[in-house]
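Notes to accompany the following structure.
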Amino acid sequence: MLKINFLGKITINYNGEDVTDKFGNKTLALLCLLILNQEKSLSREKITTYLWPDSNEEAAKYNLRYNLWTIKKHIGPDEDGNVFLQIDRERCAINEGYKYICDIRKIMAFHPSDNDSVDTLEELKKLFVGDFMEGCYFNKCNDINEIIIFERSRFEDLKITILKRLLELYYNENNNQAYKQTLKEVLEIEPYDEDLAYKLMDLYEKEGKRGTGIVFYNNFKNRLITCLGIQPSEFLKQKYLEMKMTDSKLSQVQVAEENNKIEICTKCIQSVKLFWITDVIRQLYKADKKLFYQYLTKEQFMELKYVQPIIEPIDQGDSNVEELSGPIPDVRIVNTFLEFITKISEVYALTIHIKNIQSMDEISKEILNYLKDEKIKFL
């Protein structure tokens with residue numbers, strides 16, 4: 001059996017053997033063109049125009065013959081004895097009767113219907129492991145590069161279609177966990193879709209997480225304003241107001257969103273370990289020193305002071321902040337920092353601007369990824 005994957009890293013497996021490395025980039029591009037156009041044959045002239053536009057006619061025809069030979073050599077007959085390619089002096093095509101498995105063919109065959117099953121759609125979803133022909137670019141072959149770009153966009157649209165159909169089925173089955181996860185996945189692809197934002201807010205409300213829903217709305221609103229220069233539509237604003245009015249006593253997170261805000265600007269230095277988190281500590285100390293006395297134990301205070309000497313106790317003679325002996329392990333500093341930031345974000349609407357993020361040191365990158373799951377806005 002022949003198995004071909006074009007999403008993510010291209011792989012070709014024939015009868016259990018990986019033969020991908022037998023194919024050059026142009027051979028892979030030729031194979032892709034033929035599969036994308038499986039319902040019709042392609043003229044040899046058109047193929048050479050795509051793949052060898054700068055070659056003279058004789059050289060282009062030779063290149064095509066050689067790449068067709070490579071495909072025929074490494075992809076043999078199927079279980080019924082059918083050959084893979086059908087070619088003549090003028091045209092080339094995939095044999096319609098040849099039995100093989102291809103990720104993009106499976107996806108292209110999908111059309112939403114009442115007979116869709118969760119299992120089938122979840123299997124299709126698993127096929128999206130990366131971009132179409134990931135990492136492929138062909139020098140001086142503008143037409144084939146344009147096809148790749150077009151197909152990447154098309155398969156992203158198909159992924160959205162599959163995810164939205166899954167949303168419908170999860171909703172009908174009352175599978176709230178899968179429904180919420182899929183909503184978030186689609187919003188990552190379509191971050192400005194207000195219908196999806198409304199559905200996620202509605203789910204948060206049903207789960208009794210109005211505070212989380214309100215924080216999400218404000219983040220979504222800021223995204224629209226910052227990136228598109230527009231305000232949320234009236235129906236989304238109305239949902240937000242309804243969620244606020246449902247409970248006359250706002251949760252602590254809601255109070256933080258409405259009244260208490262902290263916004264700091266931080267910088268990065270790649271060659272200095274933990275630099276970004278020490279700059280966060282510095283900027284928070286400048287913004288509000290009281291945070292360090294309200295949310296840190298004496299030992300935690302000194303652990304942060306170990307990496308950021310700028311912070312000082314209110315009372316220099318206070319015995320509660322005596323010096324710690326010896327160097328402090330990174331893991332203790334990181335844990336204290338994470339606990340400190342988490343506590344602040346539970347009470348304040350915390351926004352952290354990050355300049356030159358590309359120069360962030362490795363440990364700080366991991367810490368940032370961890371914190372992205374918290375109620376913190378990073379810009």
Worksheet item: When clusters are formed by joining ILVMFWY residues with side-chain heavy atoms under 4.5 Å apart, either directly or through shared neighbours, do Phe337 and Val331 land in the same one?
Response: no
Worksheet item: Between Tyr14 and Tyr100, does the ring centroid distance fall short of 6.0 Å?
Response: no
Item to complete: Return yes if some donor-acceptor pair links the side-chain N/O of Gln86 with the main-chain N/O of Ile94 below 3.5 Å, else return no.
Response: no
Practice prompt. Tell me, with the steps shown, if Phe110 and Ile107 meet side chain to side chain contact (heavy atoms under 4.5 Å, CB included).
Written response: CA-CA 5 Å; Phe110 170 73; Ile107 293 167; 5.7 Å; no
Worksheet item: Which pair of heavy atoms, one from Arg91 and one from Ser41, lies closest together, and at what distance?
Response: NE-OG, 2.6 Å
Item to complete: Check whether the side chains of Thr20 and Asp18 place a donor and an acceptor atom closer than 3.5 Å, and report yes or no.
Response: yes
Worksheet item: Side chains of Leu7 and Asp131: closer than 4.5 Å at any heavy-atom pair?
Response: no
Worksheet item: With a 4.5 Å limit on heavy-atom distance, are the side chains of Cys136 and Leu28 in contact?
Response: no
Fill in: N/O donor-acceptor pair under 3.5 Å between Asp193 side chain and Leu196 backbone
yes
Worksheet item: Would you find more than 12 non-hydrogen atoms of other residues, nucleotides or ligands less than 6.0 Å from Gln358 atom CD?
Response: yes
Worksheet item: Honestly, is Lys343 close enough over Tyr295, meaning NZ or CZ under 6.0 Å from the six-membered ring centre and within 45° of the axis?
Response: no
Worksheet item: Hey, is the main chain of Leu33 close enough, under 3.5 Å, to the side chain of Asn37 for a donor-acceptor pair?
Response: yes
Worksheet entry | Leu338-Ile333 co-clustered via ILVMFWY side chain contacts under 4.5 Å | yes
Discussion item. With a 3.5 Å distance limit and no angle check, can you tell me whether Asn95 reaches the backbone of Gly97 through a side-chain donor-acceptor pair?
Written reply: yes
Worksheet item: Taking side chain as C-beta onward, heavy atoms only, is Asn5 less than 4.5 Å from Cys102?
Response: no
Discussion item. Could you tell me if the side chain of Lys355 sits less than 4.5 Å from the side chain of Thr266, heavy atoms only?
Written reply: no
Item to complete: Kindly say whether the aromatic ring centers of Phe301 and Tyr293 come within a distance under 6.0 Å.
Response: yes
Worksheet entry | Same cluster (ILVMFWY, side-chain, under 4.5 Å), Tyr192 and Ile160 | yes
Discussion item. Please determine whether the number of non-hydrogen atoms from other residues, nucleotides or ligands lying under 6.0 Å from atom OH of Tyr137 exceeds 12.
Written reply: yes
Worksheet entry | Any Ile376 side-chain heavy atom under 4.5 Å of Thr351 side chain | no
Worksheet item: Is it true that the side chains of Thr70 and Asn67 contain a donor and an acceptor less than 3.5 Å apart?
Response: no
Worksheet item: With no hydrogens and no angle check, is any side-chain donor or acceptor of Thr48 less than 3.5 Å from a backbone partner on Glu45?
Response: yes
Tabulate below the donor-acceptor pairs under 3.5 Å that side-chain atoms of residues 119-128 make, not counting sequence neighbours, or state none.
unit_1, atom_1, unit_2, atom_2, d
Thr120, OG1, Ser117, OG, 2.8
Glu122, OE2, Tyr170, OH, 2.5
Glu123, OE2, Lys126, NZ, 3.3
Lys125, NZ, Glu185, OE1, 3.2
Lys125, NZ, Glu185, OE2, 3.0

Fill in: Within-4.5 Å side-chain heavy-atom neighbours: Ile230 and Ile225
no
Fill in: Greater than 12 external heavy atoms within 6.0 Å of Lys365's NZ
yes
Worksheet item: In Å and rounded to the nearest 0.5 Å, what is the OG to CG distance from Ser55 to Leu64?
Response: 11.5 Å
Worksheet item: How about Gln300 and Glu339: does a side-chain donor come under 3.5 Å of a side-chain acceptor?
Response: yes
Worksheet item: Under 3.5 Å, side chain of Arg210 to main-chain N/O of Tyr204, donor-acceptor pair present?
Response: no
Discussion item. Within the 4.5 Å heavy-atom criterion, are Asn145 and Phe150 side-chain neighbours or not?
Written reply: no
Discussion item. Membership question, hydrophobic clusters at under 4.5 Å side-chain separation (ILVMFWY): are Tyr217 and Leu228 in the same one?
Written reply: yes
Worksheet item: So do Gln177 and Thr182 actually touch side chain to side chain, heavy atoms under 4.5 Å?
Response: no
Discussion item. Between Thr11 and Ile4, is the side chain to side chain contact (heavy atoms under 4.5 Å, CB included) condition met? List the steps.
Written reply: CA-CA 6 Å; Thr11 60; Ile4 305 174; over 6 Å; no
Worksheet item: For the residue pair Phe340 and Leu284, what are the closest heavy atoms and their distance?
Response: CE2-CD1, 4.1 Å
Worksheet item: Counting N and O atoms only, with roles assigned by atom type, does the side chain of Asn172 sit under 3.5 Å from a partner on the main chain of Glu168, one being a donor and the other an acceptor?
Response: yes
Worksheet item: Should we count NZ of Lys22 as having more than 12 external heavy atoms under 6.0 Å?
Response: no
Worksheet item: Linking I/L/V/M/F/W/Y whenever their side-chain heavy atoms sit closer than 4.5 Å, directly or via other members, would Ile367 and Phe275 fall into one cluster?
Response: no
Discussion item. Does the plane of the ring in Tyr171 sit parallel, tilted or perpendicular to the ring in Tyr179? Use 30° and 60° as the thresholds.
Written reply: tilted
Worksheet item: Okay, side chain of Arg44, backbone of Arg89: is any donor-acceptor separation there less than 3.5 Å?
Response: yes
Discussion item. With a 6.0 Å cut-off (strictly less than), is the heavy-atom count around NZ of Lys237, excluding the residue itself, greater than 12?
Written reply: yes
Discussion item. So does Phe132 get a backbone contact from the side chain of Arg152, meaning a donor-acceptor N/O pair under 3.5 Å?
Written reply: yes
Worksheet entry | Under 3.5 Å: donor-acceptor pair, side chain of Asp88, backbone of Glu90 | yes
